[in-house]
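Notes to accompany the following structure.
Here, residue 1 is the first one in the sequence, and each next residue gets the next number. Counting starts at 1 for both ligands and their atoms, in listed order.
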Amino acid sequence: MDQNLVDTNEILKTLKKELMRFMLSYKFALEEINTKIDILKQEFQYFHDYNPIEHVKSRLKSPESILRKIERKGDEFTIESIQKNIRDIAGVRITCSFISDIYAIKDMIANQKDVTLVECKDYIKNPKPNGYQSMHLIVQVPVFMSDGEQKVFVEIQIRTIAMDFWASLEHKIYYKYDKEIPAYMKKELSEAAETAAQLDRKMESIHLEMNKLKELNHDAGH
Ligand code: GTP
Ligand code: MG
């Protein structure tokens with residue numbers, strides 16, 4: 001057989017393996033974070049009789065959209081550059097019941113010994129100009145494979161049901177209108193975001209009141 005052809009096949013085989021290992025590291029990192037969230041959820045349920053986590057969704061960015069992002073950002077097309085620059089290949093979205101749960105969950109994840117908090121964007125204290133609210137964390141977790149340890153980035157978005165409701169529909173509307181949205185509609189969307197935020201604040205205060213009542217009842221021996 002042609003010597004060159006054999007070499008090319010070998011190179012392709014090695015590259016394929018390297019790519020597979022690369023994508024798997026993000027899958028494993030997601031699984032680690034999902035386990036952490038699941039442990040918190042179960043522990044809350046058993047010992048506090050309360051579950052602050054409504055639902056959890058995770059996704060891996062497809063190789064196509066990783067490449068599109070690399071191109072958009074003008075970064076180098078190498079595995080090293082992707083590992084360094086694209087920090088949302090593994091993404092988890094946690095929907096919580098109340099605003100205070102968001103901060104509690106954030107601390108419970110970020111304070112774990114094997115989790116490194118790399119970045120925290122609090123779009124709840126500082127909403128985006130369009131009204132978007134959410135807590136965004138970029139963390140790193142160690143993934144151990146046969147060739148050693150690798151620190152892998154995971155993006156964690158934590159939000160309430162109301163924030164999630166707004167973000168999901170806003171995303172749909174933008175998609176539908178192909179990103180050409182009239183100014184008055186943008187204004188209405190940001191007003192809707194404020195309405196969602198008001199609802200969150202209202203629910204939070206009811207939740208606090210309920211907790212106080214529960215404590216009073218408990219102290220009174222009921
Ligand atoms: P990216 O390079 O796109 O990740 O931008 P960034 O690094 O500035 O990230 P940022 O933390 O601001 O937002 C990242 C993710 O948050 C997006 O991929 C969306 O999932 C979500 N997000 C941010 N802003 C909005 C918004 O205005 N509307 C909606 N629906 N989602 C948003
Ligand atoms: Mg992103």
Mind running salt bridge (charged side-chain N to carboxylate O under 4.0 Å, His left out) on E31 and K27 for me, showing each step along the way? CA-CA 6 Å; E31 283 170 5; K27 178 179 178 283; 2.9 Å; yes
Side chain to side chain donor-acceptor pair (under 3.5 Å) assessment of D75 paired with S81: CA-CA 7 Å; D75 292 331; S81 142; 5.1 Å; no
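Heavy atoms of R87 found under 4.0 angstrom from ligand 1: none, in either backbone or side chain. Of all the heavy atoms of Y123, the ones lying under 4.0 Å from any atom of ligand 1 belong exclusively to the side chain. Under 4.0 Å from ligand 1, not a single heavy atom of K172 appears.
Listed by atom number, the atoms of ligand 1 under 4.0 Å from R93 heavy atoms are 20 (O). Counting atoms of ligand 1 from 1 in the listed order, those under 4.0 Å from a heavy atom of N130 are 26 (C), 27 (O). Within ligand 1, the atoms closer than 4.0 Å to a non-hydrogen atom of E170 are 26 (C), 27 (O), 28 (N), 29 (C), 30 (N), numbered from 1 in the order shown. Those atoms of ligand 1 that come under 4.0 Å of a heavy atom in A167, given as number and element, are 30 (N). With ligand atoms numbered from 1 in the order given, ligand 1 contributes 6 (P), 7 (O), 8 (O), 9 (O), 10 (P), 11 (O), 12 (O) to contacts under 4.0 Å with heavy atoms of K121. Near D88, meaning under 4.0 Å from any of its heavy atoms, are these atoms of ligand 1: 4 (O).
For a threshold of 3.5 Å applied to N or O pairs, the pair formed by W166 and ligand 1 contains no separation below that value. Looking at K69 next to ligand 1, an N or O pair under 3.5 Å apart turns up. An N or O contact shorter than 3.5 Å is missing between S168 and ligand 1 by distance. Where the criterion is an N or O separation shorter than 3.5 Å, residue side chain and backbone included, R159 fails it with respect to ligand 1. Between E155 and ligand 1, no N or O atom pair is found at a separation short of 3.5 Å.
Counting only N and O atoms by type, the side chains of N211 and E215 include no donor and acceptor under 3.5 Å apart. Counted by atom type alone, S97 and E54 present one or more donor-acceptor pairs between their side chains at under 3.5 Å.
Distances shorter than 4.0 angstrom occur between a heavy atom of Q157 and an atom of ligand 1.
With sequence neighbours left out, E76 forms a salt bridge (charged side-chain N to carboxylate O under 4.0 Å, His left out) with no residue at all. Evaluation of the side chain to side chain contact (heavy atoms under 4.5 Å, CB included) rule for Y184 yields P182, E188 as partners, not counting sequence neighbours.
Relative orientation of the Y26 and F22 rings is perpendicular, given thresholds of 30° and 60° on the angle between their planes.
The side-chain heavy atoms of I181 and I173, taken from C-beta on, include a pair separated by under 4.5 Å.
Taking the six-membered ring for Trp, Y50 and H207 have ring centres closer than 6.0 Å.
Between the choices R59, K128, E119, the shortest heavy-atom distance to atom 24 (N) of ligand 1 belongs to K128.
Salt bridge annotation for E155-K121: absent, with no cationic side-chain nitrogen under 4.0 angstrom from a carboxylate oxygen.
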